[in-house]
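Numbers for residues simply follow the sequence, beginning at 1. Atoms considered below: every heavy atom in the structure, side chains included; atoms not considered: hydrogens, waters and symmetry mates. Only a predicted model underlies this, so the values are computations on that prediction, with no experimental measurement involved.
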Amino acid sequence: MDVQELEGLWQVQFPLGKDRFYSQFYTCLDRASLLWSLLLIPMFGTAQFFPVSWMLQAGLWSVLGIGGTAARVSMTYSWVKIARLTWVLYGSIRLG
């Protein structure tokens, strides 16, 4: 693994007795992607399955989206700086 991938590496384990039910390593990019997908689930789920006002949804999901974008940037900034890919991060902010 590269140095930037080891920065902030998390290991998640779920033991089941003496065995491990689940064990995985997550980089900052993995966690940022998981966070973003968890934010999208209520956004699309609410629009599809609940009779909630479009105006209310627009306001709530805008706030949630801005907060999610800020979290993604803070989670991945050190990685993109080491990899010299800050232009990708700033591009995703403008497009996201």
TODO: Tell me, please, which residues at least two apart from Ala47 pass side-chain contact (heavy atoms from CB on, under 4.5 Å).
DONE: Trp54, Gln57

Open item on the list: Can you list everything that forms a side-chain contact (heavy atoms from CB on, under 4.5 Å) with Leu35? Sequence neighbours excluded, please.
Closed with: Leu39, Ala71, Met75

TODO: Taking side-chain contact (heavy atoms from CB on, under 4.5 Å) as the test, write out the residues that go with Ile41, two or more places apart.
DONE: Leu38

Task: Least distance between heavy atoms, Tyr26 atom then Arg31 atom - done: O-NH1, 3.2 Å

TODO: Answer yes if Met55 and Val63 sit in the same cluster of Ile, Leu, Val, Met, Phe, Trp and Tyr residues linked by side chain heavy atoms under 4.5 Å apart, and no otherwise.
DONE: no

Open item on the list: Whether the Asp30 and Ser33 side chains hold a donor-acceptor pair (N or O, under 3.5 Å, no angle test) is what I'd like checked.
Closed with: no

- [ ] Output the rest of the hydrophobic cluster of Ile66: all Ile, Leu, Val, Met, Phe, Trp and Tyr residues reachable through side-chain heavy-atom contacts under 4.5 Å, sorted by chain and number.
- [x] none

Open item on the list: So, using side-chain contact (heavy atoms from CB on, under 4.5 Å) as the criterion, who are the partners of Phe50 when residues are at least two apart?
Closed with: Thr46, Val52

TODO: Kindly work out whether a path of hydrophobic side-chain contacts (I/L/V/M/F/W/Y, heavy atoms less than 4.5 Å apart) joins Leu40 to Phe49.
DONE: yes

Open item on the list: I'd like to know if the side chain of Arg72 and the backbone of Trp36 have a donor-acceptor N/O pair within less than 3.5 Å.
Closed with: no

